[in-house]
Amino acid sequence: MMQESPDPEDDETPTQSDRLSILSQEIQTLKRSSTNNSYEERVKRLSVAELNELLEEIETAIKDYSEELVQQLALRDELEFEKEVKNSFISVLIEVQNKQREHKETAKKKKKLKNGSSPQNGKQERGHMPGTYLTTVIPYEKKNGPPSVEDLQTLTKILHAMKEDSEKVPSLLTDYILKGEYASQQGFYLILN
């Protein structure tokens, strides 16, 4: 089994969690005791300094909980966004692969029909042929881990243009290559066949 190296931030988290846990227990104790008359008596017996100290502890606990909540919500949002990007990439990749299969089958059928019929007076259509960009190969550097969210967004944009057989494919691919998001000589290729 592989073990991940410990994250330096994780060292702080247990201490903070322990502290939050203790404060949480204290608040729960106060809460439980507030349901009976002993709470009122206990509060009446506290001095102003003790009440201020308790107030500071509660305010610190609230602040710590709020910070932890904000961090966890930000992490949740980040993970949800990453999931959406990955799902989008997978969907468009499958769509492009399906279109490529259809294009290959259509090309084979046309070739068979063309071989069986007479040539069209030597004329060939000029301009953008359907399916031109479906055969595009996207260079991609395989890294130790999965592709980053940014890489997936860029690849998704290129794949979407390929799916639509858009004339934007060459410019998107050029921009992607010029940004250096792949290794030119040692890179792997995302082949969609």
Side-chain angles (χ1 to χ4, degrees), residues 1-13 67-193:
M1 288 194 165
M2 290 180 52
Q3 292 183 336
E4 293 182 24
S5 59
D7 188 40
E9 292 180 7
D10 288 346
D11 294 341
E12 296 174 20
T13 306
E67 288 173 0
E68 182 69 21
L69 178 63
V70 168
Q71 289 173 356
Q72 292 300 320
L73 289 173
L75 177 62
R76 183 195 67 185
D77 291 346
E78 187 178 314
L79 291 173
E80 281 181 16
F81 177 72
E82 184 177 332
K83 179 182 171 185
E84 288 174 19
V85 169
K86 287 178 178 180
N87 286 338
S88 177
F89 173 77
I90 290 168
S91 296
V92 75
L93 178 62
I94 290 170
E95 289 172 5
V96 168
Q97 288 174 334
N98 290 337
K99 275 199 138 192
Q100 285 178 331
R101 275 189 220 106
E102 290 173 15
H103 179 72
K104 281 182 184 178
E105 289 172 9
T106 305
K108 283 181 184 178
K109 288 178 185 176
K110 283 184 181 178
K111 190 175 182 181
K112 284 181 184 178
L113 289 174
K114 195 175 186 181
N115 287 339
S117 66
S118 62
Q120 300 174 347
N121 299 329
K123 292 182 182 177
Q124 199 171 11
E125 292 181 33
R126 292 191 173 238
H128 179 74
M129 300 279 293
T132 301
Y133 300 115
L134 277 175
T135 58
T136 303
V137 176
I138 303 172
Y140 177 74
E141 176 188 3
K142 188 173 182 179
K143 299 173 185 167
N144 292 336
S148 69
V149 172
E150 294 79 21
D151 286 347
L152 287 175
Q153 286 178 305
T154 303
L155 292 169
T156 301
K157 190 183 288 186
I158 295 169
L159 288 170
H160 184 69
M162 286 172 60
K163 181 186 92 170
E164 300 298 322
D165 203 31
S166 169
E167 294 185 4
K168 293 179 183 178
V169 171
S171 63
L172 289 171
L173 199 53
T174 301
D175 291 345
Y176 171 69
I177 292 168
L178 291 176
K179 286 181 184 175
E181 294 182 1
Y182 80 102
S184 60
Q185 293 180 354
Q186 298 176 344
F188 292 85
Y189 292 92
L190 182 62
I191 300 176
L192 306 169
N193 292 329

Straight-line distance of [X] [atom1] to [Y] [atom2], nearest 0.5 Å:
X      : Y      : atom1 : atom2 : value
Glu68  : Gln71  : CD    : CD    : 5.5 Å
Asn98  : Lys163 : CG    : NZ    : 11.0 Å
Thr106 : Arg101 : OG1   : CZ    : 13.0 Å
Leu93  : Lys86  : CG    : NZ    : 14.5 Å

Closest heavy-atom contact between [X] and [Y]?
X      : Y      : value
Leu159 : Val92  : CB-CG1, 3.8 Å
Leu134 : His103 : CD1-CB, 3.9 Å
Tyr133 : Asp165 : N-OD1, 2.9 Å
Leu172 : Ala161 : CD1-CB, 3.6 Å
Ile158 : Leu173 : CD1-CD1, 4.2 Å

Legend entry - Glu80: salt bridge (Lys or Arg N to Asp or Glu O under 4.0 Å) partners, not counting sequence neighbours: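 Checked Glu80 against salt bridge (Lys or Arg N to Asp or Glu O under 4.0 Å); matches are Arg76.
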Are there more than 12 heavy atoms of other residues, nucleotides or ligands under 6.0 Å from atom CD of Gln153?
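Yes, because the 6.0 Å sphere around CD of Gln153 holds more than 12 heavy atoms from other groups.
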Next on the checklist: Tell me whether Glu105 is salt-bridged to Lys109, with the criterion being a basic N under 4.0 Å from an acidic carboxylate O.
Outcome noted: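 The answer is no: the pair does not qualify as a salt bridge.
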Discussion item. With a 3.5 Å distance limit and no angle check, can you tell me whether Tyr176 reaches the backbone of Pro139 through a side-chain donor-acceptor pair?
Written reply: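 Present.
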Review point. Okay, side chain of Ser88, backbone of Glu84: is any donor-acceptor separation there less than 3.5 Å?
Key: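 No.
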message = Holding to side chain to side chain donor-acceptor pair (under 3.5 Å), I want the full list of residues that pass it with Lys168, two or more places apart in sequence or in another chain.
response =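 By the side chain to side chain donor-acceptor pair (under 3.5 Å) rule, Lys168 matches no residue at all.
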With sequence neighbours left out, what residues match Lys99 under side chain to side chain donor-acceptor pair (under 3.5 Å)?
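Partners of Lys99 by the side chain to side chain donor-acceptor pair (under 3.5 Å) criterion come out as none, since no residue qualifies.
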- Query: Does some side-chain heavy atom of Lys157 sit less than 4.5 Å from a side-chain heavy atom of His160?
  - Reply: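 They are not in contact (no side-chain heavy atoms under 4.5 Å apart), so the answer is no.
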- prompt: Are Thr154 and Asp175 side-chain neighbours, meaning at least one heavy-atom pair lies under 4.5 Å?
  reply: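 Contact flag for Thr154/Asp175 side chains = no.
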